[in-house]
Amino acid sequence: MNKYEKGDYGYINAYKKGKLVISLILAAMISFIVITVIIMYGSTNKVAIVFAILLSMPFAKFLIAYIICAKFNPLNKEQYEYIEENTKTSNSKILYDVTISQYEGVEFYHSLCVKNGIVCALVLDKNINKNRDDYEKWISACVTDDKYEYKIHVFGDIDAYLKKVNSISAPNDNTRIVDKHMTERILDTGV
């Protein structure tokens, strides 16, 4: 089983690896069945080929899941350790490898923090200044709630991200519960 949970550093790599391994196993099984049917019967117009056909749907599901996430590159170990070291005293729950899915696709956030009515996200994208509004809209669509309003900040620089995360005041008990709920909503929307 996958030892990583959504929001853990390393989750996206484990997720991609798991989907790829299962895809390869299913591809090998489909190939084996097709080759065996051809060798045994000389063609694929036998009922035994149905097993290969049935396996093609799960194969496609796992392969698509891998392809969608293959382009996402998480923080390297040094960046992760730098963020962890610089957020120890802020009492902030830092999430890593966060994806937010919508009908239009999936957006990837290297790191994310929901605290005291504020969502801070780190996206290490060379076009972040051009795409910042898009990243903010994806988060906004996820955390929009009639009762609570969240300010959303997307950063393309680790130091600016850390400065904002560390400057957010500690939440009270009510806000802490709402923050936990919003964090769960964000994690539930992704892969």
Side-chain angles (χ1 to χ4, degrees), residues 2-18 66-102 104-145 148-191:
N2 187 358
K3 66 178 182 175
Y4 296 98
E5 293 183 22
K6 287 183 179 182
D8 290 347
Y9 177 74
Y11 171 79
I12 201 75
N13 281 339
Y15 180 86
K16 290 190 294 188
K17 190 181 297 181
Y66 170 76
I67 290 170
I68 287 172
C69 294
K71 66 181 177 180
F72 303 139
N73 294 315
L75 298 170
N76 62 41
K77 191 73 168 170
E78 292 79 27
Q79 292 168 322
Y80 163 72
E81 289 171 352
Y82 182 71
I83 291 172
E84 283 294 301
E85 184 64 34
N86 288 289
T87 56
K88 280 182 181 176
T89 59
S90 69
N91 294 323
S92 300
K93 170 77 170 129
I94 305 295
L95 305 172
Y96 298 94
D97 300 347
V98 177
T99 57
I100 297 178
S101 303
Q102 294 181 14
E104 297 86 17
V106 178
E107 288 291 349
F108 179 71
Y109 300 85
H110 290 90
S111 182
L112 196 122
C113 178
V114 179
K115 184 178 175 186
N116 207 14
I118 298 173
V119 177
C120 294
L122 174 65
V123 179
L124 298 177
D125 178 3
K126 62 184 173 200
N127 298 319
I128 188 62
N129 292 330
K130 187 169 71 170
N131 300 331
R132 186 180 316 276
D133 291 340
D134 294 334
Y135 283 105
E136 289 176 357
K137 286 177 188 174
W138 281 72
I139 296 172
S140 179
C142 184
V143 298
T144 299
D145 194 304
Y148 310 105
E149 188 173 319
Y150 272 74
K151 295 176 186 153
I152 299 166
H153 304 280
V154 176
F155 299 92
D157 176 64
I158 293 175
D159 290 323
Y161 169 71
L162 290 172
K163 183 177 178 182
K164 182 64 178 175
V165 167
N166 289 328
S167 71
I168 301 171
S169 62
N172 61 36
D173 290 339
N174 291 337
T175 310
R176 191 174 289 115
I177 292 169
V178 175
D179 288 347
K180 183 177 183 208
H181 171 71
M182 289 301 171
T183 300
E184 289 170 358
R185 276 176 80 171
I186 290 170
L187 293 176
D188 286 344
T189 65
V191 294

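The distance from the CD1 atom of I139 to the NE2 atom of H153 is 10.5 Å, given to the nearest 0.5 Å. Between Y109 atom OH and L124 atom CG the span is 13.0 Å, to the nearest 0.5 Å. N166 CG to K115 NZ: the interatomic distance, rounded to the nearest 0.5 Å, is 7.5 Å. For the atom pair CG of L122 and CD1 of I94, the computed distance is 10.0 Å after rounding to the nearest 0.5 Å. Here the straight-line distance linking atom OH of Y15 with atom OG1 of T99 works out to 7.5 Å at 0.5 Å rounding. Within the model, atoms CD1 of I83 and OG of S111 stand 4.5 Å from one another, a figure rounded to the nearest 0.5 Å.
Shortest non-hydrogen contact noted between K16 and C69 is CD-O, 3.0 Å. The heavy-atom pair separating Y4 from A14 by the smallest distance is CD1-CB, 3.3 Å. Across all non-hydrogen atoms, the minimal contact from A170 to N116 is O-ND2, 3.9 Å. Here the closest non-hydrogen pair linking K164 and C120 is CG-SG, 3.4 Å. The shortest non-hydrogen separation linking I68 to F72 is O-CE1, 3.6 Å. The two atoms that bring D179 and G117 nearest to each other are OD1-N, 3.3 Å, heavy atoms only.
In this structure, V123 and F108 have side chains that are not in contact, with every pair of non-hydrogen atoms separated by 4.5 Å or more. Residues V191 and I12 are in side-chain contact: their nearest non-hydrogen atoms beyond the backbone lie under 4.5 Å apart. L187 has its side chain out of reach of E184: every pair of non-hydrogen atoms, C-beta onward, lies at least 4.5 Å apart. C113 has its side chain within reach of Y161: a pair of non-hydrogen atoms, C-beta onward, lies under 4.5 Å apart.
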Would Y82 and L162 satisfy side chain to side chain contact (heavy atoms under 4.5 Å, CB included), going step by step from the backbone distance to the final call? CA-CA 10 Å; Y82 182 71; L162 290 172; 3.5 Å; yes

Quick one: do D173 and I177 satisfy side chain to side chain contact (heavy atoms under 4.5 Å, CB included)? Show the steps, please. CA-CA 6 Å; D173 290 339; I177 292 169; 5.5 Å; no

Begin with the C-alpha distance, continue with both residues' side-chain angles, and end with the deciding distance and a verdict on side chain to side chain contact (heavy atoms under 4.5 Å, CB included) for E104 and W138. CA-CA 10 Å; E104 297 86 17; W138 281 72; 4.2 Å; yes

Give the intermediate values and the outcome of side chain to side chain contact (heavy atoms under 4.5 Å, CB included) for residues T175 and N172. CA-CA 5 Å; T175 310; N172 61 36; 2.9 Å; yes

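Judged by distance alone, with hydrogens and angles left aside, the side-chain atoms of Q79 form a donor-acceptor pair with the main-chain N or O of N76 at under 3.5 Å. Judged purely by atom type and a 3.5 angstrom limit, D157 uses its side chain to pair as donor or acceptor with the backbone of A160. Under the 3.5 Å distance criterion, the side-chain polar atoms of K6 are matched with a main-chain donor or acceptor of G190. The backbone N or O of K137 sits nowhere less than 3.5 Å from a side-chain atom of S140 that would complete a donor-acceptor pair. Side chain of S101 to main chain of V106: no donor-acceptor pair is present (N/O by atom type, distance under 3.5 Å, no hydrogens or angles). A donor-acceptor distance shorter than 3.5 angstrom exists from the side chain of Y9 to the backbone of K77, with no hydrogens or angles considered.
With sequence neighbours excluded, no residue forms a ring pair (Phe, Tyr, Trp, His ring centres under 6.0 Å) with F155.
Salt-bridge annotation for D188 and R185: absent, with no side-chain N of the basic residue lying under 4.0 Å from a carboxylate O of the acidic one.
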